[in-house]
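Notes for the one structure printed next.
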Amino acid sequence: MISGQRIYVTGMGAVTALGSGVSALWNGAVSGVSGVRPISFGEKYPTMIKQAAFLERPPKSPGIRPGSPGDVDFVTSIALTAAAEAMSQAKWPTDMPLGNDAAVVIGTGIGAITTIEGEYQKYFSTGDRPDPFTVPKIMPSAPASNISMTYGARGISFALSSACASSSQAMGMALLLIRAGLARRAVVGGTEALLTYSGFRAWEGLRVMTPTLCRPFSKDRNGMVLGEGAAVMLIETEEALAERGGEPLAEIAGFGTTSDAGDMLRPDAQMCARAMSAALVDAGVKPEEIGYLNAHGTGTILNDQTESRAMRDVFGGHLDALPVSSTKPVHGHTLGAAGAIELVITIEALRNSIAPPTLNWISADSNCIADPVPNAARGAAINAAMSNSFAFGGINSSLVIRKV
Amino acid sequence: MTDEPQVELSPEMIEKIMGIVEKEGLVDRAKLTPDATLESLGIKSADMVMILMALEEQFGSYIPIDGPLTEAKTVEDFLRAIAPHIHPKPSAA
């Protein structure tokens with residue numbers, strides 16, 4: 001255990017429906033620009049829901065030799081783009097390997113569905129020649145391995161999959177690995193790109209998507225909106241950072257995670273609250289010291305009322321003064337990437353002293369927090385902040401960050 | 001369910017929907033009375049997803065699980081919640 005050592009975020013990268021880069025994401029979140037837009041898979045493949053915060057797939061590049069390092073699924077390619085931005089912001093020298101004490105932990109809920117769907121079509125329908133490199137593309141650890149190879153990170157590397165908590169838990173596990181002395185720095189985050197026809201229809205089946213607008217914590221909300229994206233960060237111990245002379249952006253201070261051990265789809269307020277409390281205890285931060293909370297806030301009836309109840313349990317009267325918002329109407333629910341994308345926003349909120357708004361909010365629902373920073377950003381003094389991720393399967397994860 | 005327009009379903013339509021609930025929800029038809037609670041019928045969230053999938057196939061309607069349906073306690077509540085989504089002339093999905 002590296003006791004007392006602070007662990008800093010020193011670089012961040014993001015790819016979302018707002019565009020490539022953290023600034024596109026943060027500007028969208030603050031100014032209330034949404035990446036949600038009409039989606040279609042063509043006449044042959046109709047859908048009931050017709051919107052999502054999706055990413056445009058680039059046309060297949062004929063220049064990439066099959067099996068070469070650039071021959072990856074889209075879910076890996078966006079993770080690599082986000083990692084490059086993070087390494088650049090951290091001013092990590094391009095020709096220097098991260099080395100033996102660098103870990104890579106990348107969360108994903110579903111993985112390489114673009115390749116899986118395309119290959120299934122070949123096997124079961126068209127009979128076209130299968131891609132001989134299907135396995136290295138679709139293994140859930142492909143994003144982590146590609147990042148490890150690109151930056152010469154030779155410590156522990158793995159994928160973490162826990163549905164919508166994947167990348168929040170990835171951040172937390174990287175924090176624990178570093179504290180345990182298994183690494184001094186880590187490239188960590190999440191990636192998700194599942195808006196293919198079958199991925200979209202699978203989500204439609206659960207009936208949790210809104211046919212209108214995603215409006216978290218609002219009266220008359222009727223579901224979530226899907227998104228795609230990736231966010232990756234470089235995190236380092238204060239000692240490792242001091243040795244190379246970089247600048248910290250924020251401290252990753254605490255992590256708490258619990259399991260409902262109950263229903264697959266219905267969240268449990270008590271266990272959500274325990275995850276938040278555990279993250280606060282781990283960070284050594286009192287509830288009233290939290291100055292902004294980026295909620296899981298999916299816009300479903302159940303999540304938002306359960307999360308509201310859990311936040312009341314944890315924060316008591318402080319909740320009425322605490323800016324809480326859900327930025328999912330902006331970037332969509334990016335599932336396995338959500339924890340990392342929303343942590344990027346939480347860190348930018350802390351650095352800029354601004355609480356981004358919850359879009360599309362109409363009026364208060366008596367079962368939810370009454371003031372989720374509706375529709376317009378708000379200035380806020382933030383010394384510490386929290387980000388929540390609650391997943392199907394009853395997996396709850398909370399992260400606490402602190403100003404440097 | 002305050003802002004949902006009230007839509008009356010014809011007896012034939014209700015019969016059709018009850019058939020779907022019986023089959024997809026694995027419910028005894030005799031117990032499907034208006035005041036029976038979904039809980040007493042053993043209709044859980046997963047059963048509701050199956051029922052809504054079948055309604056989509058039958059009527060071409062997407063019925064979100066969020067909204068009035070979340071609050072529905074009885075068979076009558078359920079019918080009232082889905083009624084605005086059931087079109088008299090089914091359209092292809």
Item checked: Contacting region of A/Met264 [heavy-atom separation from chain B under 4.5 Å] -> neither

Notebook entry, point to check: Pick from A/Ile49, A/Thr210, A/Asp263: which one has the most heavy-atom pairs with chain B under 4.5 Å?
Noted result: A/Ile49

Check: Is there a donor-acceptor contact under 3.5 Å linking the side chains of A/Glu192 and A/Thr108?
Finding: yes

Notebook entry, point to check: Which pairs, with at least one residue in residues 363-374 of chain A and sequence neighbours excluded, count as a salt bridge (Lys or Arg N to Asp or Glu O under 4.0 Å)?
Noted result: A/Arg221-A/Asp365, A/Asp371-A/Arg378

Please set out all donor-acceptor pairs under 3.5 angstrom arising from side-chain atoms of residues 42-51 of chain B, sequence neighbours excluded.
from    : atom 1 : to      : atom 2 : distance (Å)
B/Asp47 : OD2    : B/Lys44 : N      : 2.8

Notebook entry, point to check: Hey, would you say the A/Trp203 and A/Phe392 ring centroids sit under 6.0 Å apart?
Noted result: yes

Next item on the list: Select all residues of residues 295-308 of chain A having any heavy atom within less than 4.5 Å of some heavy atom of chain B, and report them by number, or 'none'.
Entry: A/Thr300, A/Ile301, A/Leu302

Margin query: Quick one about A/Gln169 and A/Ser397 (side-chain donor to acceptor, distance below 3.5 Å, no hydrogens or angles considered), yes or no?
Written below: no

Margin query: As an exercise, state the distance from NE2 of A/His333 to NZ of A/Lys328, rounded to the nearest 0.5 Å.
Written below: 4.5 Å

Check: Would the number of heavy atoms belonging to other residues, nucleotides or ligands and lying under 6.0 Å from CZ of A/Arg266 be above 12?
Finding: no

Item checked: Pair A/Lys122 + A/Glu117: basic N to acidic O under 4.0 Å -> no

Next item on the list: Would you please say whether a donor-acceptor pair under 3.5 Å links the side chains of A/Asn396 and A/Asp260?
Entry: yes

Note to self: At under 4.5 Å between heavy atoms, what parts of residues 31-38 of chain B are in contact with chain A? List them by residue number.
What the structure shows: none

Notebook entry, point to check: Between A/Asp320 and A/Arg312, is there a salt bridge with N-O shorter than 4.0 Å?
Noted result: yes

